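None of the values given here were measured: they were computed from a predicted structure.
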Amino acid sequence: MTTRFLDTTQELAAFLRARRERLAPQEVGLPSRRQFRRTPGLRREEVAGLAGISVDYVVRLEQGRGLRPSADVVDALARALRLAPVERAYLFNLARQSPRMADEPAAAAAPPLARLVADLSPLPALLMNHRYDILAWNREMRTLLLDFDTLPPSRRNLMWLCLMHPEIREFYVDRERVVREGIAHLRAAWAAHPEDGVLADLITECITRDEEVARLWAEPDIKVNGRGHKVMRHPVGGVIGVHFETLMPLQDPDQQLVIFRAADDRSRSALDRLMAQ
């Protein structure tokens, strides 16, 4: 009985039918029809035309005949049916496919996330997109790292700061580990967004301008850490150890929230003194 109700093929079929029937022709740029319709929403041939696939394929999908559409077909259907991001993700999951990541990154912080970054004080926090452009930060992160407002927008990039900035590149006690992990993150971001020319230019710049980065890039290391530990050598606060956590909001998956916490009592005292200045 459980299997009958939890069949992904049948749920995919029902989901496609329901989303097709809720759309009016004018919502997708088609002329409205005045003649009587037996069912609401779009016709199957209209969905097929919008998605660039055959009507027969749409029919078989909606009848739950066990087809497994490709990622390209799922993406086309999601666009044709005007699915919201959460619906699109659900459709990909039902089809057992991985959705393509958006190649155009967020250029500005989502307002609720920008407020969250500020509200996280006194914890240092920042928000970035998939290419590590820094979109928002709070006073504590600015005090701990540097005043991001003094940088041109093109240089407000966490990876560029870590790998290329003359002060920040010497900021970490275990520099090689931090650089190695940073390059692994860049490699993973590039693999997920191979069409992002700005990200590719950033990687090329780092490789061509720094021998250490070029050497480590040649080692195909893929290890993305959403949490970890770093020890910083701050010019005013001294040696400060922090734990970091990276969170990805469901509503804005291209944006990542990074939060620092003191790793020990001595580091907490050092952070408190630094923030009090």
Assess whether atom [atom1] of [X] is packed by more than 12 heavy atoms of other residues, nucleotides or ligands within 6.0 Å.
{"X": "Trp190", "atom1": "CH2", "answer": "no"}
{"X": "Arg65", "atom1": "CZ", "answer": "yes"}
{"X": "Arg266", "atom1": "CZ", "answer": "no"}

Side chains of [X] and [Y]: does their closest heavy-atom pair fall under 4.5 Å?
{"X": "Lys230", "Y": "Phe171", "value": "no"}
{"X": "Asp149", "Y": "Trp137", "value": "yes"}
{"X": "Leu16", "Y": "Leu91", "value": "yes"}

Who pairs with Val231 by side-chain contact (heavy atoms from CB on, under 4.5 Å), at least two apart in sequence or on another chain? Val173, His229, Val239

Does the pair [X]/[Y] count as a salt bridge with the N-to-O cut at 4.0 Å?
{"X": "Glu27", "Y": "Arg82", "answer": "no"}
{"X": "Glu219", "Y": "Arg180", "answer": "yes"}
{"X": "Arg79", "Y": "Asp75", "answer": "yes"}

Hydrophobic clusters here meaning ILVMFWY residues chained together by side-chain heavy-atom distances under 4.5 Å, can you tell me if [X] and [Y] are in one?
{"X": "Leu81", "Y": "Phe92", "answer": "yes"}
{"X": "Leu144", "Y": "Leu257", "answer": "no"}
{"X": "Leu202", "Y": "Leu126", "answer": "yes"}
{"X": "Leu250", "Y": "Leu113", "answer": "no"}

Would you mind telling me which of Thr9, Val73, Leu61, Leu12 makes a side-chain contact (heavy atoms from CB on, under 4.5 Å) with Leu67?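 The passing option is Leu61.
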
Test salt bridge (charged side-chain N to carboxylate O under 4.0 Å, His left out) applied to Arg60 and Asp56, step by step: CA-CA 6 Å; Arg60 286 185 290 160; Asp56 180 64; 3.1 Å; yes

Pairs where residues 160-174 contributes a residue and the test salt bridge (Lys or Arg N to Asp or Glu O under 4.0 Å) is met, not counting sequence neighbours: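 Residue pairs passing salt bridge (Lys or Arg N to Asp or Glu O under 4.0 Å), neighbours aside: Arg169-Asp210, Asp174-Arg177.
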
